[in-house]
Amino acid sequence: MESLRRTKIAAALKSTDFGSKVCVKGWVRTKRGSKNVAFIALNDGSTIHNIQVVADRENIDDSILDRIHTGASLNVIGTLTESQGSGQNVELMAESIEVYGEANPDEYPLQPKKHSLEFLREKAHLRFRTNTFSAVFRIRHAMAYAIHKFFNDKGFYYMHSPIITGSDAEGAGEMFQVTTLDLNKLPKTKDGEVDYSKDFFGKMTNLTVSGQLEGELAALALGEIYTFGPTFRAENSNTSRHLAEFWMIEPEMAFYDIHDNMDLAEEMLKYLIQYALDNCRDDLEFLQNRLLEEEKSKPQNERSELSLIDKLEFVTKNEFVRLSYTEAIKVLEDSKPNKKGQFQYPVKWGIDLQSEHERFLVEKHYKKPVILTDYPKEIKAFYMKQNDDNKTVRAMDVLFPGIGEIIGGSQREESYEKLKIRIDEMGIAEEDMWWFLETRKFGTVPHSGYGLGFERLMLFVTGMGNIRDVIPFARTPKNAEF
RNA sequence: UCCUCCUUAGCUCAGUUGGUUAGAGCACCUGACUGUUAAUCAGGGGGUCCUUGGUUCAAGUCCAAGAGGGGGAGCCA
């Protein structure tokens, strides 16, 4: 077969250079045939759209066409032409086709039809080859890039916080232990405890549950930093919005108060969503149509009011509602569902807000993203700045429709004395936190930060319903396949 | 971890009150068709009814336990 530089399908479909000879390579989505001609829809991942390869049986031998099924990989050389059919503008009249690899249709699990997301989750090694997942993962790339671009353009520095941590005071959940000890022959101390001095690091270590504490150290010198890396939580969470391994973005900013923090969070979310609208249009349209199809089988009252793209545009164009926890409790107490006793969990100042409460505020009452601030100190982490009322802390949670908490953050406590007292009150070992406390001892400043769950952002942008479908290989309790 | 629902052909699903040889669409194979659009039409092959135990003359169907999965809740991002 002659050699010719490969053209990506995205570029070939945009070309108007009809009559030119091009080479495309990709994977077969469908093959349709009639007596004289076969049509092959070919996709190479460069776009959601396929190029239609037209194989005239006079030019392409039946022995080749017989080897081509859904999933096969091809190298096609042909002439770019204006399509005679109505489904596409451009097509490729094949002159020669090389089959790189066949896909035995008796064994290849993907077919040119709708598969359930649950089925594809078990075929995660092949699901990239579907329209839905190729769209999701192109958008995932775009969002990761946009995050770096947003922060870089604002003068933030990308800081790599450690994955393995010797601190067990991050306080964000159960941790995965990291060890090189032989679990069948654990070294013991005289007291019968595991002797961690024999472990790789000479102490007990875990995978990080948050890069925030290290991020603060960097922010208190570099000014504005962000982390973007994997995070691990060994919680036995079995929901559509939790993963044991997920990616988190954690900006930390010196000299930012809680209001600067909220402004940044809102600006960032709007920027990221606008970036998707501007750069992932084809993929968003595909996912939007997919959702519309899915909703046809739902009863009218369960269908969403806005389409995916309208929903994204709505968020970019409207101010987020900002109110304090105390105000939110009042709204909830005065709400219809509360008066009718429809909340499963009663509303009272001091409780942690339940999903049903957050959903009422975001989806029913305000119908907009909501930022809640100034929570009771008892239900929030030790590092949050205490308010003068001695009851609340300067926390902020950004709540999104359908997702719940997409961002959690706060202004940080900068007072050495207050922080030390809070650490004692919460029973955290002070000797583990000496380095964190020293930043308050030497040249402390007001500062703030937050954590954005990358996959939760992905859920919102793609409209997907399960967090396992917006990360390539989900890690959840009892599942670390692939 | 709790509540709830589900598991039947490669995939999506139907299967009545427990009753003889378990069905459909798609996919695959064969044939028809002069350019299709998840092509269409005709025919064909394809089953550990999740597993184990129980009730019964008889279990895909009823009961119990287990496994896997979905949805909701808690924990949170």
Side-chain angles (χ1 to χ4, degrees), chain A residues 29-41 49-58 66 69-71 81 83-88 91 93 103-123 130-131 170-174 209-212 228 230-250 265 293 297 302 344-345 352-356 358-359 379-381 397-400 403-409 450-460 465-471 476-479 481:
Chain A
R29 286 295 169 76
T30 61
K31 183 182 80 168
R32 298 176 286 275
S34 64
K35 196 172 187 177
N36 301 324
V37 67
F39 301 92
I40 299 161
H49 302 295
N50 305 323
I51 194 164
Q52 171 155 282
V53 174
V54 184
D56 196 311
R57 288 181 199 273
E58 292 208 345
D66 287 348
H69 296 95
T70 297
T81 56
S83 181
Q84 297 171 31
S86 59
Q88 57 284 317
E91 64 187 20
M93 295 296 294
N104 182 346
D106 292 334
E107 295 173 42
Y108 187 64
L110 302 183
Q111 294 163 29
K113 59 167 278 186
K114 257 208 164 62
H115 289 287
S116 69
L117 296 173
E118 294 81 15
F119 171 72
L120 292 170
R121 233 167 263 159
E122 291 170 7
K123 307 275 182 264
T130 64
N131 286 332
E170 287 169 357
E174 290 296 311
V209 292
S210 166
Q212 177 198 319
F228 184 4
T231 311
F232 307 88
R233 305 260 168 104
E235 303 284 347
N236 191 11
S237 298
N238 294 288
T239 80
S240 54
R241 14 173 240 294
H242 288 87
L243 292 165
E245 176 184 293
F246 64 100
W247 288 66
M248 190 153 62
I249 298 97
E250 297 182 286
E293 283 297 314
S297 61
E302 285 177 27
Q344 197 191 332
Y345 296 86
D352 207 351
L353 294 182
Q354 304 294 316
S355 280
E356 57 178 354
E358 295 180 350
R359 294 186 66 145
I379 59 173
K380 288 291 179 185
D397 284 2
V398 182
L399 308 179
F400 260 38
I403 315 282
E405 187 180 340
I406 195 167
I407 281 179
Y450 59 82
L452 165 71
F454 186 51
E455 284 78 17
R456 290 200 180 165
L457 172 74
M458 283 296 299
L459 281 179
F460 187 76
N466 193 313
I467 202 160
R468 291 160 204 193
D469 296 330
V470 295
I471 189 168
T476 53
K478 300 275 182 292
N479 176 29
E481 197 63 48

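Computed over heavy atoms, backbone and side chain alike; hydrogens, waters and symmetry mates excluded. Numbers restart at 1 for each chain; the letters A, B, ... are given by sequence-line order, proteins then strands.
- In this structure, NZ on A/Lys123 lies 10.0 Å from CD on A/Glu481, to the nearest 0.5 angstrom.
- Mapping A/Phe39 and A/Glu122 onto RNA chain B by nearest heavy atom places A/Phe39 at the nucleotide closer to the 5' end.
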note = For nucleotides 38-52 of chain B, 5' to 3', base contacts (B), sugar-phosphate-only contacts (S) and non-contacts (-) with protein non-hydrogen atoms under 4.0 Å give BB-------------
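- Distances were taken from every side-chain heavy atom of A/Gln52 (C-beta onward) to each of B/C28, B/U36, B/C11; the shortest belongs to B/U36.
- Straight-line distance from the CH2 atom of A/Trp247 to the P atom of B/A77: 18 Å, rounded to whole Å.
- Side-chain contact check for A/Thr231 and A/Arg233: no donor-acceptor pair (N or O, by modelled atom type) lies under 3.5 Å.
- Here the separation of B/C6 from B/C63, taken at their P atoms, is 11 Å to the nearest Å.
- For B/G74 and B/U12, the C1' atoms lie 33 Å apart once the distance is rounded to whole Å.
- Counting non-hydrogen atoms under 4.0 angstrom, A/Ile403 reaches nothing in the nucleic acid.
- For the pair A/Ser240 (side chain) and A/Ile467 (backbone), a donor-acceptor distance under 3.5 Å is absent.
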ask   = In dot-bracket form, how is RNA chain B paired, counting a Watson-Crick or G-U wobble pair only if both its distances are under 3.5 Å and using | for bases paired to another strand?
value = (((((((..((((.....[...)))).(((((.......))))).....(((((..]....))))))))))))....
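- Within 4.0 Å of A/Ser116, counting heavy atoms only, lie sugar-phosphate atoms of the nucleic acid but no base atom.
- To the nearest 0.5 Å, atom CG of residue A/Asp469 and atom CG of residue A/Leu120 are 8.0 Å apart.
- Between the side chain of A/Glu235 and the backbone N or O of A/Glu174, at least one donor-acceptor pair lies under 3.5 Å.
- As rounded to whole Å, 12 Å separates atom C1' of B/U12 from atom CG of A/Leu120.
- Heavy atoms of A/Pro105 sit under 4.0 angstrom from primed sugar atoms or phosphate atoms, though from no base atom.
- In this structure, the salt bridge (Lys or Arg N to Asp or Glu O under 4.0 Å) partners of A/Arg57, at least two apart in sequence or on a different chain, are A/Asp62.
- Using a distance-only test at 3.5 Å, with no hydrogens or angles considered, no donor-acceptor pair links the side chain of A/Asn236 to the main chain of A/Asn238.
- Using atom C1' as the reference point in both B/G46 and B/G10, the two lie 9 Å apart (nearest Å).
- With both ends at atom C1', the span from B/U8 to B/C50 equals 10 Å, rounded to whole Å.
- Judged by closest nucleotide on RNA chain B, A/His69 is the one of A/Ile467 and A/His69 placed further toward the 5' end.
- In this structure, A/Met93 reaches the bases: a heavy-atom distance under 4.0 Å links it to at least one base atom across the strands shown.
- In this structure, A/Glu455 contributes its side chain and A/Trp247 its backbone to a donor-acceptor pair below 3.5 Å.
- A/His49 has no side-chain polar atom (N or O) that falls below the 4.0 Å cut-off from OP1 or OP2 of B/U37.
- A/Asp66 places its CG atom 11 Å from the C1' atom of B/C29, with the value rounded to the nearest Å.
- With rounding to the nearest 0.5 angstrom, the CZ atom of A/Phe39 is 12.5 Å from the NZ atom of A/Lys31.
- Only the C1' atoms considered, B/U56 is 9 Å distant from B/G18, to the nearest whole Å.
- A/Arg456 contributes a side-chain N or O that, together with a main-chain N or O of A/Glu405, makes up a donor-acceptor pair within less than 3.5 Å.
- One donor-acceptor pair, N or O on each side, does fall under 3.5 Å between the base of B/U36 and the side chain of A/Gln88.
- Residue ring and base: A/Phe246 counts as stacked with B/A77 (centre distance below 5.5 Å, interplanar angle below 30°).
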Contacts under 3.5 Å, N or O only, protein and nucleotides 71-74 of chain B:
from	atom 1	to	atom 2	distance (Å)
B/G71	OP1	A/Asn466	ND2	3.1
B/G71	OP2	A/Asn466	ND2	3.1
B/G72	OP2	A/Ser240	OG	3.2
B/A73	OP2	A/Arg241	NH1	3.4
B/A73	O2'	A/Tyr345	OH	3.2
B/A73	N6	A/Asn238	O	3.3
B/G74	OP1	A/Gln354	OE1	2.8
B/G74	OP1	A/Ser355	N	3.1
B/G74	OP2	A/Ser355	OG	2.9
B/G74	N2	A/Asn236	O	3.1

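- Distance A/Glu293 CD to B/U12 P: 18 Å, rounded to the nearest Å.
- Distance NZ (A/Lys123) to P (B/G10): 11 Å, rounded to an integer number of Å.
- The separation of B/A22 from B/G47, taken at their C1' atoms, amounts to 9 Å, rounded to a whole angstrom.
- Note that the CD atom of A/Glu250 and the CD1 atom of A/Ile407 stand 11.0 Å from one another [nearest 0.5 Å].
- Remark: A/Gln354 engages A/Tyr345, A/Glu356, A/His357 in a side-chain contact (heavy atoms from CB on, under 4.5 Å) (not counting sequence neighbours).
- Annotation: side-chain contact (heavy atoms from CB on, under 4.5 Å) contacts of A/Arg468 (sequence neighbours excluded): A/Arg121, A/Leu243, A/Asn466, A/Ala474, A/Thr476.
- Taking the P atoms as reference points, B/U4 lies 12 Å from B/A64, given to the whole Å.
- Put simply, CD on A/Gln111 is 4 Å from C1' on B/A27, counting in whole angstrom units.
- Looking at A/Ser237, its side chain never comes within 3.5 Å of a backbone N or O of A/Thr239 through a donor-acceptor pair.
- Between the P atoms of B/U51 and B/U7, the separation comes to 13 Å (whole Å).
- The distance from atom CD of A/Gln84 to atom P of B/U36 is 10 Å, rounded to the nearest whole Å.
- Distance A/Phe119 CZ to B/A27 C1': 11 Å, rounded to the nearest Å.
- Within 4.0 Å of A/Ile406, counting heavy atoms only, lie sugar-phosphate atoms of the nucleic acid but no base atom.
- Side chain A/Glu91 to base B/G35: a donor-acceptor pair is found below 3.5 Å.
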